[in-house]
Amino acid sequence: MELATKYNPSEVEGKWYQYWLDNKFFASKPDGREPYTIVIPPPNVTGVLHMGHMLNNTIQDILVRKARLDGKNACWVPGTDHASIATEAKVVNRLAEQGIRKQDLTREEFLKHAWDWTHEHGGIILKQLRRLGASCDWDRTSFTMDQARSESVLRVFCDLYDKGLIYRGLRMVNWDPKAQTALSNIEVIYREEKSKLYHLKYYVADADTNPVVPTGQEGEVLHRDEKGYFAVVATTRPETIMGDTAMCINPKDPKNQWLKGHKVTVPLVGRVIPVIEDRYVDIEFGTGCLKVTPAHDVNDYNLGKIHNLETIDIFNPDGTISQAAGMYIGMDRYDVRRQIALDLQEAGLMDHVEDYENKVGYSERNPDVAVEPRLCMQWYLSMKHFAKIALPPVLDGKIKFHPQKYVTTYRNWLENIDDWCISRQLWWGHRIPAYYISADKVSGEEEQFVVAMNAEEALDKARAKFGNHITASDLRHDEDALDTWFSSWLWPISLFDGINNPGNEEISYYYPTTDLVTGPDIIFFWVARMIMAGEEYLGDVPFRNVYFTGIVRDSLGRKMSKQLGNSPDPIGLIDKYGADGVRMGMLLAAPAGNDILFDEALCEQGRNFCNKMWNAFRLVNGWESADIQQSSLNSHAIAWMQAKIRTDVAEINDLYGKYRLNEALMAVFKLFTDEFSGWYLEMIKPEYDREKNCSKPLDKATLDATLDIFEQLMKVIHPFMPFITEELYQHIAERKAGESIMVSTLRLDAPSELDAKLIVIYEQGKQVISGVRAVRQQKNISPREPLVLEAPQTADNVAVLLSDTIIKMAGLSEIRMVDHKSEGTQSFLVGTDEYAVPVGSLIDAEAEIRKAEAEIQRLQGFKTGIEKKLGNERFVQNAPAQVVELERKKLSDAESKIAALQESIKSLKG
RNA sequence: GGGCAAUUAGCGCAGCUGGUUCAGAGCAUCUCCCUUACAAGGAGAGGGUCGGGGGUUCGAAUCCCUCAUUGCCCACCA
């Protein structure tokens, strides 16, 4: 069959992917083999593929395919995440476009829209992954909100509540005013921001009953103007003054001693508030006076609790000013900040304003929305217990992090962990299985509730607890949903139904999973919590290894973003370079643990490599075989190539073990391009028959061995580049239906000592060949012009061992063994042997002499260095004998090289 | 403010517990070649006093200290 001169991925990829699907090669069922399991970090259900996914999933696919070739039962479970905040926001936006407001819908109506959206966009990303070649077991595709996963979440909630690990509490939470929900601490991202520090005047309010008396302490600072004495308070948030219920000074602050015991007036607001004292206040900051707004700042809240202050909540949930503020009601918090600054200025209550840089918290999912601290009732998961069980497996190395540096990060976080706020004021998600009982049916101040899997069970529990007078209509299901991560943390368990159906065959077989591939940005959100859940529910780790990928950046190191337009479309790249090319491009730029600087040129390199394989196959495929004697050149070349493969594959396997996949790929690439294509194929390549205008036939043994080697190489490359390797695998030999490289096996012996020797010999031979080629280059001699090579008369000379190979590869007419090289030669060294190529009149004696002299000079310097070393008694005494011996050899080698060079100079001078 | 990591060729990196894999490959650059698998190719070449400064050692890219720069993570200073 005639093959095109260029590899065309688009003709190949879809065909083989379908073939793999049709033959169920991705499917896994528990059996007697060793399992190899990966669960996908579930992408957002309505997301689209970006470069981060490409990298992440390429790596997973490489690992899975490698495991399959190693004969393991490989199972890669795909799925998607409901991503409550992000998805709900998208649905709300879409409804807004249609003029529908969320608050006008019932929960059921809204959820219907959300499901519609999910069905419409859901799974696009999984389809895209198929283009990449991802060998997931698609029959297992799951969704964090499907039946089994949802049930798992509720079960776990109930269980943890029963264990006393889940509680309800009134706390200061991070509030997202746009999504109108609470967030956990780690969902807040702090950004450095240029802002203003407003210095406001708080006049002393009780000067008539309690005169201001300077204490006369050193450093005391009193502010006074025509309206009286005042304190200056620095704040970045003047709009919160309506919530001020105290002013606080440090009792040790000399500047503010005079304020002790006084009351001050909140500017504009007119409320009189006490001056309290607390060591929390930093004397050095601003004027040392702090306004206390217990409802809107965590620290102030704590001060409020200690000093028993009133709490005035001046914000509505959407970030506008509430009735309680008494002014600016209904305005947005940012508008108020601008307005109140003007109003304060006008009223003469602004001392001054300065530029200031501070950190402002933003919602991770709504990056343009500043988080507002807000006091409200939320559900929490007590984390001390989980930190305790999740720490040991990582510290003891039962779970390995790659790179290891993240162990420290992990430990620091767990050792200082906060309780996890798990409730979200959202509808899209798992509804909290708590049921409140009508206040008129139970006694007591506190709101009473039960936690149960469903309403029916809730009623039973409620009756058992509060009496049979409770009816179904007395129960009110909690309106809130759970944090998305509260389902993700169960993923490695819930995918195998290990929560609902503990000890089932699947969970017993696949758990613990083998590798997790994810970004370090979710080490706390997801990785740590999966370890917690795993330890809690299965008493074992959820995975053995965590491979943290870097962030995909552009070639200039910038993060990829829509604004910069530097984020390539992954599918477009696949169309352009082929999936294999893109996979290689991604991986080449991805050293473990570093960010990857993506450059389209790397995909080009990947595509070029595909083409290389393709054409190498075309070459071999074009050879006719004949029943002729195999030359020793060929049989030796085969032995060498096999030795090389054994050796390199051992190294590649070692790199896999260290998750240094980019280096493994590089080794694979060099093995094929340089060793196989560049050297081996050229060695055995049959001569061209000019008369018949085609290659002369190759002996059958060599052709068979070459095809066999080719097949081995395809298997080595397959995990990285699945499509082209399958295509060529199918070309190499007639395959039975249902046969595939994917499910083949590659078993190689460990490299032997003999292999190592063979490789050394061929390395020397290559150097001799390169030496001759360099002479041609320098002298501008055509590769077709036959040359003579003079080799030194030494016993184990490589020119003897590999004479026919060298003659062929270097285009020689003969190799002459000589005692002394003849005149008019250009020479080069391989090791300590000097080879010479007679170039007749082309020799430039002067240039040769200059070159030789320069080399002698270099060697002299090298020699002196070694002599000095060997002359140093302490070196000879302390250094290991081996090292000393080596230095001696280096010295003698240098000496003989110098001697050889001097001789050539002599002969050149004639 | 605390912690972690990095700094080696133009670029992105490798160099494991100090001594022949010690200064390395890849890409890029330069020169020559459309040779009969592949110009998406081949052959050859140039390029780094291993961030600065100290120290330990017979010997340091490698170990220690220090400074500098960069990146990341954590932290309630208005």
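We use all heavy atoms of the structure for the numbers below, so side chains are in, but hydrogens, waters and symmetry mates are not. Order of the sequence lines sets the chain letters (A, B, ...), proteins ahead of strands, with each chain counted from 1.
Between the base of B:A43 and the side chain of A:R773 there is no donor-acceptor pair shorter than 3.5 Å.
Comparing A:T408 and A:E604 by the nucleotide of RNA chain B that holds the closest heavy atom to each, the one mapping nearer the 5' end is A:T408.
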What's touching nucleotides 31-37 of chain B from the protein side, N or O pairs under 3.5 Å?
| unit_1 | atom_1 | unit_2 | atom_2 | d |
| --- | --- | --- | --- | --- |
| B:U31 | O2 | A:Q777 | NE2 | 3.3 |
| B:U35 | O4' | A:R784 | NH2 | 3.2 |
| B:A37 | OP1 | A:K685 | NZ | 3.3 |
| B:A37 | O2' | A:N615 | OD1 | 2.8 |
| B:A37 | O2' | A:R618 | NH1 | 2.8 |
| B:A37 | N6 | A:S677 | O | 3.4 |
| B:A37 | N6 | A:E682 | OE2 | 3.0 |
| B:A37 | N3 | A:N615 | O | 3.0 |
| B:A37 | N3 | A:A616 | N | 3.3 |

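The NZ atom of A:K658 sits 12 Å away from the C1' atom of B:G15 (whole-angstrom rounding). Nucleotide B:G26 holds its C1' atom 13 Å from the CG atom of A:N608, rounded to whole Å.
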Nucleotides 57-64 of chain B: protein proximity per nucleotide (B base, S sugar-phosphate only, - neither; heavy atom, under 4.0 Å): -B------
Under 4.0 Å protein heavy-atom contact, by nucleotide of nucleotides 71-78 of chain B - B base, S sugar-phosphate only: --SSBBBB
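With respect to the salt-bridge test (charged N to carboxylate O, under 4.0 angstrom), the residues A:D674 and A:K670 do not qualify.
Note on A:E887: nothing from the nucleic acid sits closer than 4.0 angstrom, heavy atoms only.
The side-chain heavy atoms of A:W623 and A:S625, taken from C-beta on, include no pair separated by under 4.5 Å. Taking the side chain as every heavy atom from C-beta outward, A:R411 and A:L395 approach each other to under 4.5 Å.
Of the candidate nucleotides B:A40, B:G44, B:G42, B:A40 has the atom lying nearest to any side-chain atom of A:N611.
Taking each heavy atom of A:F524 and A:T409 in turn, the nearest pair found is CZ-CG2, 3.6 Å.
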